[in-house]
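Accompanying notes for the structure given below.
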Amino acid sequence: MLREQVSEAVWLTTFSAVTALHLDGSQLAIAVPNSLVKERIENRYLPLVDGVLTDIGKPGLRLVIEVRTEDAPLTGDASITLDRDIPKSIHNPDPGLLTTPVETVDNIGQSGELGLTVSPRYTFEAFVTGTSNRFAHAAAMSVAETPARSYNPLFIYGDAGLGKTHLLQAISNYVRENYATYQVRYVSTEQFLNQYVDAIRQNTLSEFKKRYREVEVLLLDDIQFIEGKEGLQEELFHTFESLYQANRQIVLSSDRPPDAISTLEDRLRSRFKMGLTTEINPPELETRLAILRKKAEGEPVAPSPEVLEFIASNITNNIRELEGALIRVCAYASLTNQVLDVPLAEFVLDDLISDTQPRPITPALILEKTSEMFAFPIEEIRGQSRRRPLVTARQVGMYVMRELTDLSYPAIAREFGGRDHTTVIHAVEKISGLMKERRQIYDQVTELTQRIRSGE
């Protein structure tokens with residue numbers, strides 16, 4: 001069921017009131033209660049609906065979204081027509097159309113309009129603190145509790161995979177829950193740039209400025225992406241000034257401090273440093289153990305304290321890689337019905353903890369090795385085909401790219417043909433789960449990882 005594939009918030013705010021009206025030849029009409037729901041479906045959830053149609057054997061319909069309020073009948077003027085390639089063999093609408101499971105939908109939470117999706121799992125309670133990140137956690141919590149009254153802006157920096165995105169999304173979730181009237185927008189700097197360029201091209205700059213200058217909380221992830229982009233820096237400066245003067249909260253994350261972002265305008269650099277700048281460092285052993293214990297609570301095979309200590313002692317720099325190592329050993333023990341002890345962990349993680357210098361791993365290398373192993377051309381892996389073996393190869397490649405690189409979800413989506421970042425989130429979560437259930441998937445992930453690391 002679709003309801004099982006999305007968060008309760010997304011279901012209630014977007015899909016619960018959607019109804020299928022009729023199927024007129026090659027056109028499917030659905031009714032929505034207001035224009036906001038219509039815009040959400042159009043801007044964010046079209047892949048979801050397209051996936052539903054494809055999975056029930058009815059791909060390529062032209063979808064008509066019509067606004068129908070309680071007081072107003074359907075009108076042609078209230079509709080948006082979305083053209084698709086039209087199949088010739090569809091006759092009757094399926095009453096279960098909007099409640100059919102769809103693989104391309106991820107189980108994630110509410111998102112701001114035209115912003116990145118915010119996962120409900122990223123909360124302050126779920127963030128494991130230690131000496132390496134306690135100050136950043138406390139600062140983020142303070143900002144969430146009293147937006148624009150404690151630290152403004154809040155600038156969080158640190159290497160990839162250490163929890164910056166978790167903290168930004170935790171702020172978003174907390175403010176949404178406790179300040180119901182506040183508008184919160186969480187967006188990557190790359191997405192901010194793309195929308196800015198689109199606004200220039202479509203002559204909609206006034207709408208773009210309104211979208212970002214009338215929010216109560218703006219969270220910008222990966223601000224280092226602004227490096228070398230003069231036009232974007234100009235727009236961000238004015239957005240920053242508008243929000244700051246209106247006493248609105250600004251939170252920024254980066255892989256480096258403001259002074260280390262080259263070609264950053266001095267006026268922006270000084271404003272980034274006006275509030276509080278805080279660093280997240282690689283977690284120390286105690287924090288790594290705490291993270292593993294928390295993560296292990298949901299695993300089918302409970303690792304012993306000795307196994308957790310072994311992993312924590314050998315995977316030291318990146319939380320993402322730390323959690324990936326735990327998933328691998330637990331999945332292997334579950335699939336093979338072996339006792340999860342330290343020797344087994346040593347065997348499973350041999351490629352991660354070897355003393356050999358790892359070769360540089362790039363997205364191009366991962367795509368190349370995925371293509372070789374699954375015998376699909378790179379163009380097909382990056383393409384739109386949904387044939388089952390190809391979908392599996394694509395999802396395994398996305399999972400491995402997330403585990404072996406510092407790329408964000410949107411960046412990985414771009415490497416795989418410019419998909420929506422939620423498709424990558426779904427793929428990573430799906431493969432992570434299947435590794436514990438299907439030996440074939442586990443072996444595929446392991447073999448692809450080893451090929452990439454060894455250069456075979």
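Being a predicted model, the structure only gives us computed values, none of them experimental.
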Give a yes or no on whether the backbone of [Y] and the side-chain of [X] come within a donor-acceptor separation of less than 3.5 Å.
{"X": "Arg394", "Y": "Arg386", "answer": "no"}
{"X": "Ser270", "Y": "Asp266", "answer": "yes"}
{"X": "Glu279", "Y": "Tyr157", "answer": "no"}
{"X": "Thr405", "Y": "Met401", "answer": "yes"}
{"X": "Gln224", "Y": "Ile261", "answer": "no"}
{"X": "Thr449", "Y": "Val445", "answer": "yes"}
{"X": "Thr370", "Y": "Ile366", "answer": "yes"}
{"X": "Thr277", "Y": "Lys273", "answer": "no"}
{"X": "Asn133", "Y": "Val128", "answer": "yes"}
{"X": "Glu415", "Y": "Leu367", "answer": "no"}

Point to revise | Within residues 243-252 or reaching into it, pairs that qualify as side-chain hydrogen bond (donor to acceptor under 3.5 Å, both in side chains) - sequence neighbours excluded | key: Asn152-Gln249

Exercise for review: Please list all pairs passing the side-chain hydrogen bond (donor to acceptor under 3.5 Å, both in side chains) test where one or both residues lie in residues 199-208, with sequence neighbours left out.
Suggested key: Asp198-Arg201

Practice item. Report yes if the distance between the aromatic ring centroids of Phe192 and Tyr196 is under 6.0 Å, otherwise no. Key: no

Point to revise | Thr189 and Asp222: side chain donor to acceptor below 3.5 Å | key: no

Closest heavy-atom contact between [X] and [Y]?
{"X": "Pro283", "Y": "Leu162", "answer": "CD-CD2, 3.9 Å"}
{"X": "Ala345", "Y": "Val307", "answer": "CB-CG1, 4.3 Å"}
{"X": "Val251", "Y": "Leu168", "answer": "CG1-CD1, 3.9 Å"}
{"X": "Ile315", "Y": "Leu322", "answer": "O-CD1, 3.5 Å"}

**Study point:** Any residue meeting salt bridge (charged side-chain N to carboxylate O under 4.0 Å, His left out) with Arg382, in chain and number order, not counting sequence neighbours
**Key:** none

Review point. If you count the non-hydrogen atoms of other residues, nucleotides and ligands that lie under 6.0 Å from CZ in Arg267, is the total more than 12?
Key: yes

Point to revise | Heavy atoms from other residues, nucleotides or ligands near CZ of Phe237 exceed 12 (cutoff 6.0 Å) | key: yes

Mind checking the [atom1]-[atom2] spacing from [X] to [Y]? Nearest 0.5 Å is all I need.
{"X": "Lys436", "Y": "Ile431", "atom1": "NZ", "atom2": "CD1", "result": "12.5 Å"}
{"X": "Tyr174", "Y": "Glu125", "atom1": "OH", "atom2": "CD", "result": "8.5 Å"}
{"X": "Ile226", "Y": "Leu268", "atom1": "CD1", "atom2": "CG", "result": "5.5 Å"}
{"X": "Lys209", "Y": "Glu235", "atom1": "NZ", "atom2": "CD", "result": "5.5 Å"}
{"X": "Met274", "Y": "Ile250", "atom1": "CE", "atom2": "CD1", "result": "8.0 Å"}

Practice item. Tell me, please, which residues at least two apart from Tyr182 pass ring-ring contact (aromatic ring centres under 6.0 Å, His included). Key: Tyr179

Check your understanding: Residues in ring-ring contact (aromatic ring centres under 6.0 Å, His included) with Tyr122, at least two apart?
Key -> His166

Once salt bridge (charged side-chain N to carboxylate O under 4.0 Å, His left out) is applied, what residue pairs with a partner in [range] remain, sequence neighbours excluded?
{"range": "residues 132-153", "answer": "none"}
{"range": "residues 223-233", "answer": "Glu227-Arg256"}
{"range": "residues 316-333", "answer": "Glu321-Arg453, Arg328-Asp351"}

Review point. Going through the checks in order, is the side-chain hydrogen bond (donor to acceptor under 3.5 Å, both in side chains) test met by Thr165 and Asp221?
Key: CA-CA 7 Å; Thr165 294; Asp221 216 347; 2.8 Å; yes

Practice item. Answer yes or no: is there a side-chain heavy-atom contact under 4.5 Å between Thr19 and Ile30? Key: no

Exercise for review: For the residue pair Phe124 and Leu167, establish whether any side-chain heavy-atom pair is separated by less than 4.5 Å.
Suggested key: yes

Hey, could you give me each pair passing ring-ring contact (aromatic ring centres under 6.0 Å, His included) that has a residue in [range]? Not counting sequence neighbours.
{"range": "residues 391-414", "answer": "none"}
{"range": "residues 251-286", "answer": "Phe155-Phe272"}
{"range": "residues 304-331", "answer": "none"}

Practice item. Taking side-chain contact (heavy atoms from CB on, under 4.5 Å) as the test, write out the residues that go with Ser172, two or more places apart. Key: Val118, Arg176, Val184, Leu219

Exercise for review: For Val348 and Tyr442, run side-chain contact (heavy atoms from CB on, under 4.5 Å): C-alpha distance rounded to whole Å, both residues' side-chain angles, the deciding distance at 0.1 Å, then the answer.
Suggested key: CA-CA 11 Å; Val348 173; Tyr442 178 90; 3.1 Å; yes

Review point. Does the side-chain contact (heavy atoms from CB on, under 4.5 Å) test come out yes or no for Ile412 and Arg402, once each step is laid out?
Key: CA-CA 7 Å; Ile412 294 174; Arg402 176 68 177 176; 3.8 Å; yes

Point to revise | Arg185 to Tyr212 six-membered ring, cation-pi geometry met (6.0 Å, 45°) | key: yes

Review point. What's the verdict on side-chain hydrogen bond (donor to acceptor under 3.5 Å, both in side chains) for Ser304 and Glu306, showing C-alpha distance, side-chain angles and the deciding distance?
Key: CA-CA 5 Å; Ser304 67; Glu306 291 77 19; 3.3 Å; yes

Check your understanding: Please walk me through it: do Asn173 and Glu177 pass side-chain contact (heavy atoms from CB on, under 4.5 Å)?
Key -> CA-CA 6 Å; Asn173 283 321; Glu177 181 179 350; over 6 Å; no

Exercise for review: Evaluate the side-chain contact (heavy atoms from CB on, under 4.5 Å) criterion for residues Ile200 and Leu205: first the C-alpha distance (whole Å), next the side-chain angles of each, then the deciding distance (0.1 Å), finally the verdict.
Suggested key: CA-CA 6 Å; Ile200 295 175; Leu205 270 175; 4.1 Å; yes

